[in-house]
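For reference, the structure discussed in these notes is given below.
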Amino acid sequence: MSLWELFASQPTLYLGSALLLGLLVGSFLNVLVHRLPLMMERRWQAEAREALALPTQPADARFDLFLPPSHCPHCHTPIRAHENIPLLSYALLRGRCSSCRTRINPRYPLVELAAAGLGLFAAWHFGVSASAAAFMLLSWGLLALSLIDIDHQLLPDALVLPLLWLGLIANAFELFVPLDQALWGAVAGYLILWSVYWAFRLVTGKEGMGHGDFKLLAMLGAWGGWQILPFILLSSSLLGAIVGLVLLRASGKQASTPIPFGPYLALAGWIALLWGGQITTSYLHFAGS
C-alpha cells in the first residue's frame, strides 16, 4: 500500500500528519522570517563594499538558515533540542528562556499554530491530492512573506520567484487552472501594479509601492489565473485602506507613513484561490437582483 493509499483509507492519519507537518514547518518559518532579511542585508553590504572598492571586512562566522544554531536573543544560550519542540516547549517553559527567564516572543508559537492550521485546512479542503500539497506550500510561503513584509517592508525574490514558478508548474498539470490562464495571470498581475506604480510616480513624483508587490501579484496570478486578479486588487485595497487607517490612528503616525501591502495581497490571493469565483458570482447576482 502506497502512502497516498494509506492516507486515503485513513483520513484521521492524513489530517494528523498535515497538522504535525505544519507545526514543524511553522518552527522553520520562524527561523526563515528572522534570518533571511539579515542574510540579504549582509550580502548587500558585501556587494556595496565591492562596488565602491572599499576594503573588505574580515569574514564573519557562517550565518544562514542552519548555522549558527538557534539561541536565546537575550543571553545567547543555545536552544536545546527538547526546548525546540513546536508549541509544546513554549508551554512547558511557560514562555520564558530556560536560562535567563527572559520572556519568549509569543509570535513564535502563534506562527507555528498558524502554519499547522494552514496545513490542516489544505488537507481537509483538497483531500489526498497533489493540489493539497501544492496549496500547503503556497500557504506557508504567503505566511512567511507577510511576516517579512510586516517586519521589513520587503518581499524577497528568494521566496516570491520560486513560488511563481511553482504555481506555473502546478498548473501545467491543471491543479488549479489551465496553464494558459496561469501564464496570463502572471503577466497581467505584474503589469497591472507596474502600471499603477508608474502612473502614481509620474503624477506625484513619489513611489507608491515596492517592486515586490508587482511580483507577488504576478505569483498569485500564476496560481489562480487572470480571473482572480480583479477580486485580489479590490479586496486587498479595501482591506489595506481600512486596516491601515486604523493602525495609523492607533499609533498616532502620519498618513504618509509607508504601510506594507504584501500581507493584504497575500490574504486576498489566498481567499481568491479558494472562493474567489463563488464570491464574485454571488456579488454579481446580488447586484443584478
Side-chain angles (χ1 to χ4, degrees), residues 18 117-146 148-149 155-199 209-241 260-288:
L118 290 170
L120 179 62
F121 175 83
W124 171 80
H125 184 82
F126 291 100
V128 182
S129 64
S131 297
F135 196 76
M136 286 181 196
L137 292 176
L138 173 64
S139 301
W140 294 328
L142 291 175
L143 176 60
L145 286 166
S146 298
I148 292 174
D149 202 23
L155 294 168
D157 286 351
L159 294 180
V160 177
L161 297 183
L163 284 171
L164 190 155
W165 284 109
L166 182 60
L168 292 175
I169 292 170
N171 286 323
F173 301 96
E174 298 191 4
L175 295 186
F176 302 98
V177 295
L179 181 59
D180 60 332
Q181 295 180 14
L183 173 62
W184 289 113
V187 173
Y190 188 90
L191 289 179
I192 289 171
L193 288 187
W194 179 86
S195 301
V196 171
Y197 167 87
W198 279 107
M209 65 180 65
H211 291 210
D213 295 321
F214 316 163
K215 301 170 190 176
L216 178 56
L217 187 58
M219 183 264 281
L220 294 170
W223 281 82
W226 59 266
Q227 297 94 328
I228 70 172
L229 296 179
F231 175 86
I232 294 176
L233 289 170
L234 179 61
S235 55
S236 62
S237 299
L238 182 61
L239 182 62
F261 190 44
Y264 308 113
L265 282 173
L267 178 59
W270 190 85
I271 294 173
L273 194 58
L274 292 167
W275 305 294
Q278 297 95 307
I279 294 174
T280 302
T281 300
S282 299
Y283 172 77
L284 293 175
H285 178 75
F286 174 79

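Quick note: numbers below take in every heavy atom, side chains included, and nothing from hydrogens, waters or symmetry partners. As the structure is a computational prediction, the values presented were derived from the model and not from experiment.
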Check whether D149 reaches the backbone of L145 with its side chain - one donor and one acceptor, N or O, closer than 3.5 Å. no

pair D157-K215: side-chain heavy atoms closer than 4.5 Å: yes

If you measure from CG on L118 to CG on L142, what distance do you get to the nearest 0.5 Å? 9.0 Å

Which heavy atom of A122 sits nearest to which heavy atom of M136, and what is that distance? CB-CG, 3.6 Å

May I ask you to decide if F126's main-chain N or O and S129's side chain share a donor-acceptor pair within less than 3.5 Å? yes

Sequence neighbours excluded, every pair satisfying side chain to side chain donor-acceptor pair (under 3.5 Å) that has a member inside residues 221-232: Q181-Q227

Does the ring-ring contact (aromatic ring centres under 6.0 Å, His included) test come out yes or no for H125 and F135, once each step is laid out? CA-CA 10 Å; H125 184 82; F135 196 76; 7.3 Å; no

Over all atoms of both residues, closest heavy-atom pair of A182 and N171: CB-ND2, 3.6 Å

Qualifying salt bridge (Lys or Arg N to Asp or Glu O under 4.0 Å) pairs, either residue in residues 225-234, two or more places apart: none

Which pair of heavy atoms, one from S131 and one from L175, lies closest together, and at what distance? OG-O, 3.4 Å

Partner of S236 under side chain to side chain contact (heavy atoms under 4.5 Å, CB included), picked from D213, I271, L265, is L265

With a 4.5 Å limit on heavy-atom distance, are the side chains of L233 and L193 in contact? yes

L166 side, atom CG; M219 side, atom CE - distance, nearest 0.5 Å: 9.5 Å

Closest non-hydrogen atom pair between A266 and L216, with its separation: N-CD2, 4.4 Å

Assign the ring pair W124 / F121 to parallel, tilted or perpendicular, where the plane angle (0 to 90°) is split at 30° and 60°. tilted

Rounded to the nearest 0.5 angstrom, the CG-CD1 distance for L220 and I232 is 4.5 Å

Interatomic spacing from CG in L273 to CZ in F176 - rounded to 0.5 Å: 5.5 Å

From CG (L143) to CG (L267), nearest 0.5 Å: 11.5 Å

Report yes if the side chains of S237 and F261 come closer than 4.5 Å at any heavy-atom pair, otherwise no. yes

So which heavy atom on F231 is nearest to which on A272, and how close? CD2-CB, 3.4 Å

Got a second to check how far L137's CG is from L163's CG, nearest 0.5 Å? 8.0 Å

